[in-house]
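In what follows, a single structure is set out as structure tokens and then discussed.
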Amino acid sequence: QVQLVESGGGLVQPGGSLTLSCAASGSIFSVNMMGWFRQAPGKQRELVAIINFGVGTNYADSVKGRFTISRDNSKNTVYMQMNSLKPEDTAVYYCNANLRQATTPWQNYWGQGTQVTVSS
């Protein structure tokens, strides 16, 4: 059983910073990609940032230069440092991972989501 456990959300003032963490646990054989998506009220879930282990990163245009995604391969953990936060960054942030267990094909997994609210 694979689980993605997120932490680090909360309330922050505009211009502030937060760091999100997501740890994948369970019988994991290999991780291909981990990343963050977000969903604001009344909107579709959208990509924020992904990191493809050993290849590189990809960011939504709206967060380039403000958010930084990184990972710790040894811990199957991904982080996202969010700086210069804006009210429009308010959303539920979901961790996503593409990984496989020893006897399964590559599959996508989702975390439970963590709320980020940017407001004065």
Side-chain angles (χ1 to χ4, degrees):
Q1 185 79 7
V2 173
Q3 279 192 315
L4 302 183
V5 179
E6 302 141 334
S7 61
L11 172 65
V12 64
Q13 291 187 340
S17 298
L18 282 175
T19 301
L20 303 182
S21 301
C22 173
S25 63
S27 301
I28 297 170
F29 180 75
S30 183
V31 180
N32 178 34
M33 178 278 295
M34 293 186 76
W36 294 93
F37 290 70
R38 67 186 180 187
Q39 188 166 18
K43 295 188 177 181
Q44 289 189 330
R45 191 172 297 189
E46 64 177 1
L47 169 74
V48 180
I50 58 172
I51 184 164
N52 193 323
F53 286 36
V55 177
T57 59
N58 190 31
Y59 295 91
D61 287 343
S62 59
V63 307
K64 283 180 181 177
R66 300 188 297 122
F67 292 9
T68 302
I69 191 169
S70 61
R71 89 287 191 197
D72 184 334
N73 291 351
S74 67
K75 298 179 180 180
N76 289 328
T77 298
V78 65
Y79 307 93
M80 187 163 69
Q81 175 68 40
M82 305 186 294
N83 297 327
S84 303
L85 283 160
K86 305 175 181 180
E88 50 264 44
D89 293 317
T90 295
V92 178
Y93 284 69
Y94 295 92
C95 179
N96 176 265
N98 183 256
L99 56 85
R100 59 170 294 197
Q101 297 179 282
T103 58
T104 66
W106 296 101
Q107 291 181 307
N108 270 330
Y109 294 85
W110 291 93
Q112 79 283 0
T114 185
Q115 177 71 46
V116 172
T117 302
V118 185
S119 175
S120 55

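Since the structure is predicted, the reported quantities are computational estimates derived from the model, not experimental observations.
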What verdict does the side-chain contact (heavy atoms from CB on, under 4.5 Å) test give for Asn96 and Met33, after you've listed the backbone C-alpha separation in whole Å, the side-chain angles of each residue and the deciding distance to 0.1 Å? CA-CA 8 Å; Asn96 176 265; Met33 178 278 295; 3.4 Å; yes

Counting C-beta onward and ignoring hydrogens, is there a side-chain heavy-atom pair between Thr90 and Gln115 closer than 4.5 Å? yes

For residues Thr104 and Gln101, report the shortest heavy-atom separation together with the two atoms involved. OG1-N, 3.0 Å

More than 12 non-hydrogen atoms from neighbouring residues, nucleotides or ligands closer than 6.0 Å to CD on Gln112, yes or no? yes

From Ile69 CD1 over to Arg71 CZ, what is the distance, rounded to the nearest 0.5 angstrom? 10.0 Å

If you define the side chain from C-beta out and look only at heavy atoms, does anything of Asp72 sit under 4.5 Å from Tyr79? yes

Counting C-beta onward and ignoring hydrogens, is there a side-chain heavy-atom pair between Arg66 and Met82 closer than 4.5 Å? no

Are Lys86 and Asp89 ion-paired here, with the side-chain N under 4.0 Å from a carboxylate O? no

Sub-4.5 Å side-chain heavy-atom contact between Phe67 and Leu18: no

The test is side-chain contact (heavy atoms from CB on, under 4.5 Å); show your working for Tyr94 and Arg45 and say whether it passes. CA-CA 9 Å; Tyr94 295 92; Arg45 191 172 297 189; 3.5 Å; yes

Do the rings of Trp110 and Phe37 sit parallel, tilted or perpendicular, given the 30° and 60° boundaries? perpendicular

For Val31 versus Leu99, what's the shortest heavy-atom pair and its separation? CA-CB, 3.9 Å

Check: Gln81/Thr19 side-chain N/O donor and acceptor closer than 3.5 Å: yes

Drop me the distance from Tyr59's OH to Met80's CE, to the nearest 0.5 angstrom. 9.0 Å

Could you walk me through whether Ser25 and Asn76 pass the side-chain contact (heavy atoms from CB on, under 4.5 Å) test, one step at a time? CA-CA 7 Å; Ser25 63; Asn76 289 328; over 6 Å; no

Taking every non-hydrogen atom, the tightest pair across Met34 and Ala97: CG-CB, 3.9 Å

Calculate, to the nearest 0.5 Å, the distance between atoms CD1 and CH2 belonging to Ile51 and Trp36 respectively. 12.5 Å

Hey, is CD on Gln44 packed in by over 12 heavy atoms from elsewhere, all under 6.0 Å? no

Correct closest heavy-atom pair for Ser119 and Pro14 would be C-CD, 3.6 Å

